[in-house]
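These notes concern the structure reproduced below.
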Amino acid sequence: MPEGPEVETVRRGLLPVVGTKILEVKVADHKKYRPQRAEIEALEGTTITDITRRGKFMVFYFEGNSRKAALNHLGMTGVWYHYSDQVWNEFDVPFEEYPHWKVYFGLDDNTHLLFVNTRTFGRFEMFTPEEIEEHKSIRTLGPDILDDEFDTDEFVKRMLGRGKSRIKEVGKCLLDYTIVAGCGNIYKSESLFLAKINPFTPANQLSENQLRELAKRLTEVGKKALRFQGSSLRDYRMVDGYSGLMQNEFNAYDRAGDPCSVCTTPILKATQGDRSSFWCPSCQDNFVIS
DNA sequence: ACGAGATCCTGTCAGC
DNA sequence: TGCTGACAGGATCTCG
């Protein structure tokens, strides 16, 4: 669920912890976190020096005896909570007794940082800052939909640049972070709706103008979602526990059967590459499913 | 080298 | 009411 705008909202919410020192670390005893447990626990005594975002990844930087970095992904259900000491102490049970928490940091400004990851699709893995730059997930990222200087030429190139191999449907392309970063299933459907492009169109059947229009809509949707602080459909929450409001702005996503906001034709839903896709068969009729 | 499909995981909800 | 199964989906893995 968290896509680029949600991750960026979370990142901005977490910025107050930059500059704080970690006094206490706890890592849940979970099989996916066990291999990294000691390395995460070794963050005790270090200072959080920065938190950046790359696509849907966040990178936490730490300085102590050595420089460390954590590659963090929220997956579908990852949530960071940042609580004051007062709120923290109002909990009726210790946080260790709540389900699905994975990483806890007690900070020297008397605040508490907790990473909750219900379906464990998310990750928090330790590296050096140099290893992060070389990491395949970071190195191969395409242009970011939240980038003020979104590289449209590069986007067009990546949409089409798959050599002689078969070209993917545009709906699948938008979920490939090596083509475009920060777009997920929701903003895929929303940007294709605004660009009036059917999600099942093979990318190489789109004109250069259509691809440029799609790039424009991707960044437009991304920035709007950021202004609305993301879409809270199920699990996504901001660091204070509040919901985003972008879910009220959808034209297509999760609106199967509802009238299209432009032409009133009912919105359709179909599975595309194991993911749901929503579109208006009238406005986005440039390609007919055979 | 790349695409398709399976896999990970658990809360929620529809249907019986 | 209570159970079962489908569903949600980002990244990564395997297979062809």
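Everything quoted here is computed from the prediction, not taken from an experiment. Below, chains carry the letters A, B, ... as their sequence lines are ordered, and counting in each starts from 1.
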Assert: residue with more 5' nearest nucleotide on DNA chain B, out of A:R275 and A:K172, is A:K172
Nearest-nucleotide 5' precedence on DNA chain C, A:K136 against A:F278: A:F278
Nucleotide B:dG3, atom P - distance to CD of A:E169 in whole Å: 12 Å
Please determine whether the number of non-hydrogen atoms from other residues, nucleotides or ligands lying under 6.0 Å from atom CZ of A:F91 exceeds 12. yes
Base of B:dG11 paired with side chain of A:R119 (donor-acceptor, under 3.5 Å): no
Winner on side-chain proximity to A:H135, out of B:dT10, C:dG10, C:dT12, is C:dT12
Provide, to the nearest angstrom, the distance between the CG atom belonging to A:D274 and the P atom belonging to B:dG3. 17 Å
Could you state the atom-to-atom distance from OH of A:Y98 to C1' of B:dG11 in whole Å? 18 Å
Look at all strands and tell whether A:K102 reaches a base, only sugar-phosphate, or nothing, counting heavy atoms closer than 4.0 Å. nothing
Mind telling me whether A:F200 and A:W279 have parallel, tilted or perpendicular rings, with 30° and 60° as the class edges? perpendicular
Just by distance, with hydrogens left out, do A:S277 and A:K188 show a side-chain donor and acceptor under 3.5 Å apart? yes
Select one nucleotide: of B:dC8, B:dT10, C:dA11, the one nearest the side-chain heavy atoms of A:Y177. C:dA11
Roughly, in whole Å, what's the span from CZ in A:F57 to C1' in C:dT12? 10 Å
Any side-chain donor near an acceptor of the partner, A:N251 and A:S261, under 3.5 Å: yes
Rounded to the nearest Å, what distance is computed from the CZ atom of residue A:R237 to the C1' atom of nucleotide B:dG11? 13 Å
Please state how far atom CG in A:D176 lies from atom P in C:dA11, giving the value in whole angstrom units. 10 Å
With a 4.0 Å cut-off on heavy atoms, is A:K31 in touch with a base, just the backbone sugar-phosphate, or nothing at all? sugar-phosphate
Taking A:Q36 for the side chain and A:M126 for the main chain, is one N or O donor matched with an acceptor at less than 3.5 Å? yes
How many whole angstroms separate atom CH2 of A:W101 from atom P of B:dT10? 16 Å
Length of the line joining A:R158:CZ and B:dC2:P, which is rounded to integer Å: 12 Å
